[in-house]
Each structure stands twice: as C-alpha cells, then as structure tokens.
There are 2 protein chains.
Amino acid sequence: MATQTATPANMLHSIDAATGEPFGEPFAQHGAADVDAACAAATAAFDDYRSRPLEDRAAFLDRIADEIMAIGDPLIEAAMRESGLPRARLEGERGRTTGQLKLFAQVVRDGNFLGLRVDSALPDRQPLPRPDLRLRKVPLGPVAVFGASNFPLAFSTAGGDTASALAAGCPVVVKGHGAHPRTGSLVAEAIARAVAACNMPAGVFNHLLGPGNQVGSALVQDPRIAAVGFTGSRSGGMALVKLAQARAVPIPVYAEMSSINPVLLMPHALATRGAALGTAFVGSLTMGSGQFCTNPGLLLAIEGEGLDAFLDAARAALADAQASTMLTAGIHAAYTKGVEDLSSHPHVETIGRGAVGQGKTCGQAGLFATTAEAFLADEALGHEIFGASSLLVRCRDEAELVRVLRAAEGQLTATIQMDGGDTDMAGRLLPVLELKAGRVLVNGWPTGVEVAHAMVHGGPFPSTSDGRTTSVGSLAIDRYLRPVSYQNLPAELLPAELRDDATLPRMLDGKAG
Amino acid sequence: MATQTATPANMLHSIDAATGEPFGEPFAQHGAADVDAACAAATAAFDDYRSRPLEDRAAFLDRIADEIMAIGDPLIEAAMRESGLPRARLEGERGRTTGQLKLFAQVVRDGNFLGLRVDSALPDRQPLPRPDLRLRKVPLGPVAVFGASNFPLAFSTAGGDTASALAAGCPVVVKGHGAHPRTGSLVAEAIARAVAACNMPAGVFNHLLGPGNQVGSALVQDPRIAAVGFTGSRSGGMALVKLAQARAVPIPVYAEMSSINPVLLMPHALATRGAALGTAFVGSLTMGSGQFCTNPGLLLAIEGEGLDAFLDAARAALADAQASTMLTAGIHAAYTKGVEDLSSHPHVETIGRGAVGQGKTCGQAGLFATTAEAFLADEALGHEIFGASSLLVRCRDEAELVRVLRAAEGQLTATIQMDGGDTDMAGRLLPVLELKAGRVLVNGWPTGVEVAHAMVHGGPFPSTSDGRTTSVGSLAIDRYLRPVSYQNLPAELLPAELRDDATLPRMLDGKAG
C-alpha cells in the first residue's frame, strides 16, 4: 500500500448506523496530493505486478483472503456497527469475500482468462505467407474501485472489483466508502500485510478515504487510471461515467447502478400457491432491509385466481416483518421519501406495510400496487427505491404484461414464478426477459447472488453502465483485460504463456484446447 | 432487406476517383423516414434471426460470400472506378471479404463464441443450496455499421462489422459510404439475395444511403439500435461516440479512428541492413497511396550507424514511387494540407518526396524527420496524416525513444525492426509497446492485417474508441454479445445450447471443455 499523508483538519468518523453517533478514533481524509501519490504508486507497480508468474498472483489473492480472516472478530464488529447489518449476515459476507478471492486465485491458475490463441505461420501460402500470430489478453492498467455501502466486505475494499482487477493483473486504488471507514481500513491493512508477505510491489493496492466529489472525481480523472469499478446509485455512477468520458483518453466505467428486478407471477403459479408465494416474496423483499441491488422492487401479475391470496399473505407477512436499521441516515431518508412519494401517488394503493421500528434509521417495509396503465403512463413508477419497497403492477392480460416489461428499463435480474401450466407463456416471455436483464430466474428470488462461473450480475442500462460484463463471478475478470496480438515475435521475446512449450489452454489454429 | 423509399430530389452520384466526374445512374438518398423503417425492420427481424439454428446462420454467411462472388467483374469495376484502387488490390480485397464471411460462418458452427458455462446445482450445500446456473452470450440487438472509404469491400457493406454482427445474431443497418454507393449497392443486393435464398427475415440486413450528418446521426440516435461499428476519421468516430453517449440509453460504439503505427528501427538492424529497411519501408508506406489505418506514419530511431543508409535508400525508393489516385478529392485535399503543414514545421526536415502524379487527386508520398525534443514539444506532430506520409523521430538514446513512445497516443500497431543484437533492448521496449498498441510486430510492416483467430485490429484510444475489442479476426464477434445467466430454468425453457444434451463446447463447473 502506498503511503499517503492526510490532512488532519478534515477527519472522517465512523458512524454507528443504529444511533447515528460517531464512535472510535476518526480517520484522516485524503486529498488531491494523496490521489496523485496513489496513482503514481499504482503505475509504478503495474509492469512488475503484471509480469509476476500467475502462481504468485494467485497466491497473493489467497493470502489476502487469509489475512482478512485473520483479522477475526474485530472486522465483524466494526462492520456491524458501521452498517447496522447483523452478525450472521456479515459473517456470511466475509465468507463470500474470501471465497471470491480464492475463486479468482483459481481463475488465475487455470489461465483461461488470458484468452490465448495461436495461429501458426504458413510460410508457403500464396499469394502471401501467413505470419505467426499469437494473442493474449493483458491488463488495462491501474483500476479505481468505488465500494458499495450495502456490502461493506463483498462489494467494497477487497470486494469483487478489487479481486477481479488484481486477478487480471491490474493495481487497484480503492476510494473507501464513507459509511464504513473502519471496516474498509481494517481490510486495507490486511491487504497491505498480504502485499508484504507475498513480496508484491507496494503500489499494487492503495486505499484512499475522502469525499467522493473530491477524491473520487480526482481519481477518475487521473490519466494513470485505466478503468473504474463502481457499485452505488444511478446519480453517482453516471457522474463517474461522464467524468470518464470527458477525459482526454476516455476509459471504461463499470458502474452497477439501478435495478428493480421484475418478478413475474404466472397465472398457474398464483392459482396453485399464491399464498405461499406471497409469504416467500416478503422474505426476499425485507432481507437486509431490502438493501440489495437485486431486491424485488417490481411484481407483475395478470389479474386472476390467486392474486388476492398472494396479496393477503404478503400483507400478513409484512405486518410480521421486523423493521431493521438501514445502512446510513441518508439511505433511510431517501427510502422514506421514495415510499412517501409512491404511496401518495394517485394511482397507487398501499397493500401492506411492515412494522415501524424503534431506531431512528429503521426502514418500514412496504408493498404497493398499481395498474399497468398507470405504470406505463408515469416512468417515475419504474424508478428504484433502495430499500424494502415493492410495486405490484396489475395487468389485464399477457399482452399488457409484455408492454409493461418492454417499457421497463434494463435490469440486473428478471424472475418467473411459474408452474407446469405456465410453461407456454413463460417460453414466450423468455426472449423479452433475456434482452432486458443479465440473469433470468425461475421459481427463486433475485436476492442471493451466487459467486460462480456461470453468474451474471450485470445487465442493460441503467442496471449497469456496461451490460457486456458482470461484477460477480469469474467472468468479471474480463472487465479489466484487452487483447494484444503478437506477430512474428522471436521465441525469446514472446510472453511465456504464448511460447510453444507453454501448457496453458489455448486456441490453436481455430481449435479450442 | 427492408424496403425504403427515398426522396429523388436529392440523388447521390458515383464519382470517378481519378477524374472527379460523376458516372452512371445516381442513387436515391434516404432520409429520416427510411432510418425509422430500417430500424423497425431490423427490430422485427431480431428475435427470429437470433433464434435460428446456428447452422442456418452459418449457411447464411456462406451464402452472402457466394452471392458477392456471383456479382463477378461488375463489382470489381465499380469499386475500381469509385475508389481509384487497382484491380489486383480489389480482387484481393474481395477474397478477404468473402474469406471473412466464411471464417465467421465457421466461428458460428464451432459455438465457442457463445461462451457457454454451466455450474451444476448443489442441492445439499450448507448453509444454502447452490442453484443450477447456465450462461450463454446473446446478441445485443440491431447494429448500425458505418463503412470505410479505404476498403470499399472488406470494411464496408459486407465487411468485418457486418459479418461479425450477423454472426453474433444481430440484424444490421448499414449506412453506406458516400464514396462508393455503386459498390455498396451491388453488395447490398447480393446480401438481399442471400436473405431470400436462406429464408431469413427481411429486416436482418438494411442498407441506407445518405448524408452522415442526417442519416448517420439519426441511425445512432435511434433507440432500437444497440451498438455501432465504424471505421473512419477521428472526428467522425468521436461524433458518433458523443451521440451514442447522449442517448437515454447509451450504447457501445466501436470506432476505429486514428493511428500512426510507430515503427522502431533498432540499432543493430539499422547497422546491418539500414538500406534494405529503407527500401522495404517505402513499399509499406506507399502501398494503396498510404490509405491504410495501419500505414507506418511514425518511425523511431536512435541516431547511429545505418540511419543515414536507411534514409538514403528511402529517399531513393520514394523518388521511384509512382503517385497514385487517392480515394476521394476530400481525402486528397486533407492529405495535401497535412503534408504541407508538416513540411513547413520549423523543426521538420523533408527527407524525400515521391513523384507528382498526373491525376488531380494523386497523392505525393513524403518522408520527413524531426527530433525527439521537437516531437515531445508539439503534439500535432503525432497526429495522423491519412495517406503516404511518415515522420522519422531522431532519438539520442533509448531513454529518449521510450519518452517518445510513452508520449505517443494509443495505436493499432507497433513494429520493431531488429536483429539478434537488439534483443535486449526490444525486450525492454515490449512492455511499453503492448500497452500502447493492439498488435506488436517484429521484422514486418504493419500494413497487411491477417484475418485470423489471433489477430487484433484495435488498440487504445484514439486508435479506437474501445480498446477491449478487435474489428478484424474471429474475436470481433465478441463486440456484439453480452452474457446472460439462467438460474434454475426447467429443461424445456432452457436455450437449446444450454441443455444437458447439447454438444457445443462449454465450461462445466469451472473446467473448460
């Protein structure tokens, strides 16, 4: 980790999410000079880091995971207090964070991510010989990572973007989230120990704390930064996208921003198990105070048998739902305002509300309903309300449901709740859903994103700023790579993985292997 | 092909590149209503086209190639007259065009481009079961293709972007280049015959002719267009990028724009074969009047033995170089102006010039030289002059050469001319070059871009607007795809290629196969 000097005049305090009160020693905030130093350190580390043997890079990722575990309970306690999230959730999230680092270590060892291709020379080809061509993917360069408030471990300092960028061979500069500086700093220190233990160049990881509109903006505008990973609000993500596009050399921004994750309640499923679906739905809606990118904020149903049973069961489950602390006072205020606007909309009825909590930042869950006509007439009804709020859209028939789906913006997920009798309709809807979302689920709930090879946590705009990638799962490494072709290089100049005696998987003359 | 009605008041004439005179029947130009109709047709065709069996899609690509060949000599004659390029070059380019369609047909048959991944369900996993996850890449949607003037066949109507977009499953709307409307229309008619013969939906291919600032802009702004492929000038490419970013839903633009393709003349190579290199260099420089994206517009050499021999031989070869017709009067005028500006620069010396041609749009080749100091002090010296002009930068030592390289903008290619004694220096330069360019060559010339699996014709900004992709070679299909994950879909709803009994290559539980 690069050394940064902070200005003590401007300290950042950990805030107890439940009380809103500061606690513990404050953290020095960084400024423009620190951004410059971090970018310089990352750049200085780049060529060294990317040229280390893949096994060393993999061992480094494994070691980061081990160092995070070695922090022990102080990490969980800091995260609990800063985020208001419960212990079990954060212990699970820690497991996800270390698991994802270890997954990327394996991805690095496997070498498929390099996309190696060799086209053999054809010296006798007429009218011109074919040269020897060899392709590999190389890392883009230093990556700026902006963590999310809602996953203080798995989408933050050592979260998915950091893990995939490091796996790709990119140094990382993290702009730590202001809502969990203690959690982030503990993780940053663990990474620094891994850097030292693995003898990696110091600038391979850098941690900055400070205001987004200063430190964050300066980071994205720094010419040494080659790509940006971000998880957060639509306004925040789009601000970074615009900064990145306005640079002399524009760079890719992978911003995961806004999604309401439509759930389609199919007629047969509603008729046969409407009540059970209503109860299960509220479980997904209220988990973690609804503070998930994949929270089911939109329900689509065709009026008919079982819909009332669904709504009755959901209403009852909501009444039993404990209100829980939200991540920050700002998120709580935005949620409360969003729900107030929604419930006072002339064409929206309130189906049910959760309990009012004791704490001042407890979020009160809510389920609302409207008609397809009203939804189609007011695009504000399709905007995300971050938290445990969902809107059911009553459709008269399949055609109207398809119109609502097509009108909806791009999504991270789309879910079909169906029974056997719904198969034909589901088959007709699938082509619409797969063009609208990054992940299509049947008979599950969108919350809960498996870290896997076949996962896509991404989707068309505005769910992300770049629907060609994922932020979760091993495919995320592709974000931070670009292909380079080497023509007629003598063996001694070829990158090791492209030499004839290399053993990593590669496509040879068009045949995958 | 969708039917468009054009406004006959505003006709587009083929211009004979050599004489500047119009010839043949003029073409109706399209307008806003035609853009709308083409986008509607492409959208209507999308779901049908993308769901056809891969073999049908491959056969369609093969058929387009066959139909292009079946046009016969009228295609070559039209292209010769409209572009001023000679017969042999255009016959070769036709072979490249059909070869690339057939390569993509094979890519479609192989199925690797789908990026199939399956993670098996783990129903007994604790604390939570793992769902069944299956991933494939799906096409983005209708693609707008803007052809280039300098490859009226291979980078135009049925060129690389059209071939890769169709291979990916995307309908195409081509904005035909105004410099070769007859060539483009003949190819568009051939594609229409292939559409009919293969029983493809009519809107899978659409051809528009009209002014870029009207038809082209409207096309990129149309909400049904999902991506853009462009080859042309930096100003043209950046205009499309800005339009695409300003949309309510921004879309990717793959613009290949500007590159001066540095060639590094290493000391030992210069000392042992400076004169031979000078002669060979001029061959690459003047080929096709230098109208290649990969034209070697920048030479870097360390002052020393053999550099004078290189320059003397280049001067002599230039004096022998025939001036040839440039593609359009506009390109000729821009080239002439660029060379005048360069040659009148206070720190630039003229090494040699080619013959002055007879025709009024003949380009006069030129080799110029400057110092590293002057190059570093004036970024205008690093701008592309499209045509047979090149600037040699004299460097005092390796460190200065590296400074010049680092200061240069992103490039499509970077070339090292070296002998055995240069290996150490080349090894030190390689990490700089591979971050600066999409393709690194040793002892070749950058002109001549092989259509292959391991080719990258792309590179960091501003050589392209998106250095993560290539516009030539089979990897180009990735541009028009995005991943979708399917979670717990019943077999009858799964896309055929993701079912258990599918035979296409896929990664199963992390193991590539």
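Just so it is clear, the values below take in all heavy atoms, side chains as well, and ignore hydrogens, waters and symmetry mates. Only a predicted model underlies this, so the values are computations on that prediction, with no experimental measurement involved. Order of the sequence lines sets the chain letters (A, B, ...), proteins ahead of strands, with each chain counted from 1.
- Side-chain N/O atoms of A/His453 and A/Ser474 include a donor and acceptor closer than 3.5 Å.
- The contact between A/Asp119 and chain B is made by backbone and side chain atoms together, counting heavy-atom distances below 4.5 Å.
- In this structure, chain B has a heavy atom under 4.5 Å from the backbone of A/Arg134, while its side chain stays farther away.
- Side chain to side chain, A/Arg439 and A/Thr413 fail the donor-acceptor criterion of an N or O pair below 3.5 Å.
- The closest side-chain heavy-atom distance from A/Thr294 to A/His457 is below 4.5 Å.
- Only the backbone of A/Ala248 comes within contact range of chain B, judged by heavy atoms closer than 4.5 Å.
- Separation of atoms NZ (A/Lys436) and CG (A/Leu429) is listed at 13.0 Å; rounding is to 0.5 Å.
- With a threshold of 4.5 angstrom between heavy atoms, A/Asp110 approaches chain B through side-chain atoms but not through N, CA, C or O.
- Both the backbone and the side chain of A/Met455 come within contact range of chain B, judged by heavy atoms closer than 4.5 Å.
- In terms of non-hydrogen atom pairs under 4.5 Å with chain A, the most contact-rich of B/Ala426, B/Pro505, B/Ala512, B/Pro250 is B/Pro250.
- The candidate with the highest count of non-hydrogen atom pairs below 4.5 Å against chain A, out of B/Arg130, B/Glu492, B/Gln106, is B/Arg130.
- With a 4.5 angstrom heavy-atom cutoff, A/Leu481 touches chain B only via backbone atoms.
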For this session: Decide yes or no on salt bridge (Lys or Arg N to Asp or Glu O under 4.0 Å) for B/Glu434 and A/Arg136, but give the supporting numbers first.
Result: CA-CA 10 Å; B/Glu434 68 188 358; A/Arg136 67 165 176 170; 2.7 Å; yes
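- For the set B/Thr423, B/Val107, B/Val138, the count of heavy-atom pairs under 4.5 angstrom toward chain A peaks at B/Thr423.
- The cationic group of B/Arg50 lies under 6.0 Å from the six-membered ring centre of B/Phe46 and within 45° of the ring axis, placing it in a cation-pi geometry.
- With a 4.5 Å cut-off on non-hydrogen atoms, A/Ile416 does not touch chain B at all.
- Interface remark: of the candidates B/Gly115, B/Ala437, B/Pro462, B/Gly458, B/Ala437 forms the most heavy-atom pairs closer than 4.5 Å to chain A.
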